[in-house]
Asks: 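Structure below; questions to follow.
Each ligand, and each atom within it, is numbered from 1 in the order the structure gives. Residue numbers run from 1 in the order of the sequence given.
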Amino acid sequence: MRIPLSAPDVQEEEIAAVAEVLRTPHLSLGPKLAEFEQNIARYIGAENAIGVSSGTAGLHLCVRALGIGAGDEVIVPSFTFVAVANVLRYEHAVPVFVDIEPKTLNLDASRVEAAITPRTKAILVVHTFGCPADLAEILEIARRHHLYVVEDACEAIGAEYHRRKVGVYGDAGVFAFYPNKQITTGEGGAVVTNDPQLTARVKALRNQGRSDTDDWFQHSELGYNYRISEMNCALGVGQLNRIEAILLRREEIAREYDEKLRNCKNLRLPPLSVVRRRISWFVYVVRLAPHFSQMQRDWILEEMNNRGIGCGRYFAPIHLQPAYRNVVAPRDGLKVTEFAAARCLALPFFNRLKDEEMEEVCGNLEDLIQQADKFAPSGKAVSAR
Ligand SMILES: Cc1ncc(COP(=O)(O)O)c(C=O)c1O
């Protein structure tokens, strides 16, 4: 791709810090893990942070540590990454998909209560594309029904809700550091929580079920290897040191896209600000006007990629994925999810994106939208390809 969809931003000092670790005897469970965890906890404003091998691992550990198991229902959006529901299925729990609201594409809090049954154990709320969900309403519903709240902040490190960082509002919050994220460790994630018991359980489960008092060959419970290496953590420490500059740069890019595309009548742009929230820009996702079909969107996307401009379908809803067909039938109609998912298009978005590249992205996009508007391109109907 001439202009990729995303690209990591790793600086020389960070490369040196990773190389430095390789000269020490500590490649796992060493001082960089402790430093990374302390820095994440301080940055987020949480009592504890636990470094893990991925965001998925972090979510899975939360589900397991909270005792969510076979037959338990958990409320989740479908308009998100598949890991959100997968981690429930690992534990034979049931994802109950609830529709999103059209402005922020986050879980529609007004629909949550209707989805609660006596089997509901938790709400797994996702801060989609880095925009905080309606936490006040969701926490209130959870309080009334005695439900856990896990915040999936994998796309939202640094985002704020009422001036506090997301991740600290629920029983636990989870971050992810894959290379397309705001900050990266290559692969990696972190769980944050203020609950000391949950911290101890997540730590034990991350490390093959060893509790703090176990020796290396004693395992108090069934666990996993979800550890993160010292090299990953060294990179994370460096990246976290400059997170504020990264978030500001990403916000600047979002504003520039907004300026360039504002007059395109066939596009709906993401809101640049939402009241009482700070957005941590993960991706820049535009939506085609309602009269466009999914086939037209897919054609535009394919043509953008053919022209060397990386575009993606954020998101293909989970309930339409082949891995989910005949597994869980949504009880809610998920109309907003399906409508938005058919028209979404993620544009190239990374710290070092240049102005002339943005010009090229927007010029090509407007050209293709105009072409697609004149005809309905043929092609097979795809739901979650
Ligand atoms: C909302 C959400 N949850 C979970 C994950 C999983 O994170 P990871 O890829 O680190 O396992 C992602 C990753 O993109 C995500 O976007």
Asks: Look only at the side chain of E73 and the backbone of V94, and say whether a donor-acceptor pair between them is shorter than 3.5 Å.
Replies: no
Asks: Strictly distance-based, threshold 3.5 Å: is any side-chain N or O of T24 a donor or acceptor partner for the main-chain N or O of V21?
Replies: yes
Asks: Could you tell me which residues satisfy ring pair (Phe, Tyr, Trp, His ring centres under 6.0 Å) with F175, sequence neighbours excluded, listed by chain and number?
Replies: none
Asks: Can you spot which of I253, L261, I3 makes a side-chain contact (heavy atoms from CB on, under 4.5 Å) with M358?
Replies: I253
Asks: By side chain to side chain contact (heavy atoms under 4.5 Å, CB included), which residues pair with E13, not counting sequence neighbours?
Replies: Q11
Asks: Please produce the table of protein N or O atoms sitting under 3.5 Å from N or O atoms belonging to ligand 1, one pair a line, distance to 0.1 Å.
Replies:
| residue | atom | partner | partner atom | Å |
| --- | --- | --- | --- | --- |
| ligand 1 | 3 (N) | D152 | OD1 | 3.4 |
| ligand 1 | 3 (N) | D152 | OD2 | 2.6 |
| ligand 1 | 10 (O) | G55 | N | 2.8 |
| ligand 1 | 11 (O) | G55 | N | 3.4 |
| ligand 1 | 11 (O) | T56 | N | 2.9 |
| ligand 1 | 11 (O) | T56 | OG1 | 2.4 |
| ligand 1 | 14 (O) | K181 | NZ | 2.7 |
| ligand 1 | 16 (O) | E155 | OE2 | 2.6 |

Asks: Please identify each residue that fulfils side chain to side chain contact (heavy atoms under 4.5 Å, CB included) with N207, with sequence neighbours left out.
Replies: L29, R210, W216, R227
